[in-house]
Amino acid sequence: MTRDMVRPVVRRAVGWSGALALVAMLAAPGPLTAAEVSAPDAGVGAPERGPAGDAPRRPVASQDVERDAGRDATWRTIAPDIFPGRQIGAAEGLVALDAPGRAEDAALVPLTVALTLPAGDPRRFRAVTVVIDENPSPVAGRFTFGPDQGDFVLSLRARVNSYSQVRAIAETDDGALHMATVFVKAAGGCSAPATKDTAESIAHLGDIRFRSFAEAGRAEAQVQIRHPNFSGLQMDEATRGYTPAWFVREVAITQGGRLLLGMEGGISISEDPTFRFTYHPSTAPVTVRGEDTEGKVFSRTFPGGGS
């Protein structure tokens, strides 16, 4: 796939900032060489020799450094465009990301982000951004929370186009960024054909489901919006052309006028966007509103705490 075929998709998906990030990614050099990653001193960290006559073997620790540096090469080119001028710290126990090491379906990769503040910590979480380094549009989505949001768990399904680092970067209300990273082996997720009949999917476009798990004793809820979420990289088998990108770009879930979860998404969110998140039910009604890239707006209000 040429760069010219990718750029229009990215501009529609994440705007010019995301497009610049992709251009940087495509222009980035390949993984760092061993010499660039580390230059071991003699003795300590020096290559080990195998059996007589074999070439030297690099120590496991050095192999790990080289591997991790190669996996992060793309991130170093796109991070300044996603978080311009900002420092990104380690997870520090505040953010955890669960993802399969090898995905069963690259178009439906389950991701779970858990945000946790230590007891007595006065900070609150403001947002979390999910990034898939090697995707054509790396920013899968930015998720925002209402005020006074402490511990929070969010699950979603994403497309992974090639072996990639997947990142969850959480922002606290003091402006600090904390990142957790998982390497996921998957390929072809962004160009994979839809798993459901397109005509049926369009016929039910914008149908919204809301479910609370309070009766099961879990402080969770789930929202699903029926939408094909075309990535722009999927081929139409009839025309042999690419189906134009068309996806849900914004979602706002509110209860009694208070934001529970907001999303700004791109092509990396799977079809029929589904979000499962921390939810403490009340009697106030829950409203789910979504808007796609063609300007279609979907909205539905549900009784508080119910389906």
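All residue numbers refer to positions in the sequence shown, counting from 1. Hydrogens, waters and symmetry mates are skipped; everything else that's a heavy atom, side chains included, is used. Computed from a prediction, not measured in an experiment: that's the story for all the values here.
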R124/D173 under salt bridge (Lys or Arg N to Asp or Glu O under 4.0 Å): CA gap, chis, key distance, verdict: CA-CA 6 Å; R124 291 294 179 263; D173 57 9; over 6 Å; no
Test item: S191 side-chain N/O and L233 main-chain N/O as donor-acceptor pair under 3.5 Å: no
Quick check: are there more than 12 heavy atoms from other residues, nucleotides or ligands sitting under 6.0 Å from CD of E215? no
Show the numbers, then the answer: is there a salt bridge (Lys or Arg N to Asp or Glu O under 4.0 Å) between D72 and R167? CA-CA 11 Å; D72 286 340; R167 306 173 189 272; 2.7 Å; yes
Any donor-acceptor pair under 3.5 Å linking the side chain of D292 with the backbone of K296? yes
Counting N and O atoms only, with roles assigned by atom type, does the side chain of S164 sit under 3.5 Å from a partner on the main chain of E134, one being a donor and the other an acceptor? yes
Can you classify the ring geometry of F277 versus F152 as parallel (below 30°), tilted (30 to 60°) or perpendicular (above 60°)? parallel
Establish, yes or no, whether the cationic atom of R102 lies under 6.0 Å from the six-membered ring centre of F183 and within 45° of the ring axis. no
Main-chain N/O of T301 paired with T287 side-chain donor or acceptor, under 3.5 Å: no
Are E171 and R126 ion-paired here, with the side-chain N under 4.0 Å from a carboxylate O? yes
Between the main-chain N or O of L117 and the side-chain N or O of D151, is there a donor-acceptor pair closer than 3.5 Å? yes
Quick one: does R218's side chain have a donor or acceptor within less than 3.5 Å of a partner on S212's backbone? no
Steps toward salt bridge (Lys or Arg N to Asp or Glu O under 4.0 Å) verdict (R226, D272): CA-CA 4 Å; R226 290 293 302 274; D272 293 342; 3.4 Å; yes
Could you tell me whether R211 and E220 have a side-chain N and a carboxylate O separated by less than 4.0 Å? no
According to a hydrophobic-cluster definition based on side-chain heavy atoms being under 4.5 Å apart (Ile, Leu, Val, Met, Phe, Trp, Tyr only), do L259 and V223 belong together? no
Between R159 (side chain only) and I267 (backbone N and O only), is there a donor and an acceptor less than 3.5 Å apart? yes
Is the gap between the ring centers of F210 and F302 under 6.0 Å? yes
Dump the intermediate steps for side chain to side chain contact (heavy atoms under 4.5 Å, CB included) on I78 and V131, then the final yes or no. CA-CA 10 Å; I78 64 177; V131 177; 4.2 Å; yes
Does the side chain of P273 reach to within under 4.5 Å of the side chain of H227, using non-hydrogen atoms? yes
Under the 3.5 angstrom rule, does the side chain of N229 hit a backbone N or O of F247 as a donor-acceptor pair? no
Starting from the C-alpha separation in whole Å, work towards a yes-or-no answer on side-chain hydrogen bond (donor to acceptor under 3.5 Å, both in side chains) for S282 and Q255. CA-CA 8 Å; S282 74; Q255 183 168 37; 3.2 Å; yes
For the side chain of R157 and the backbone of L108, is there at least one donor-acceptor N/O pair under 3.5 Å apart? no
Please assess R249 against E264 for the test salt bridge (Lys or Arg N to Asp or Glu O under 4.0 Å), listing each intermediate value before the final yes or no. CA-CA 5 Å; R249 66 182 177 190; E264 297 176 15; over 6 Å; no
Could you tell me whether the side chain of T112 and the main chain of L156 form a donor-acceptor pair under 3.5 Å? no
Applying the side-chain hydrogen bond (donor to acceptor under 3.5 Å, both in side chains) criterion to N135, which one of S268, S162, S231 satisfies it? S268
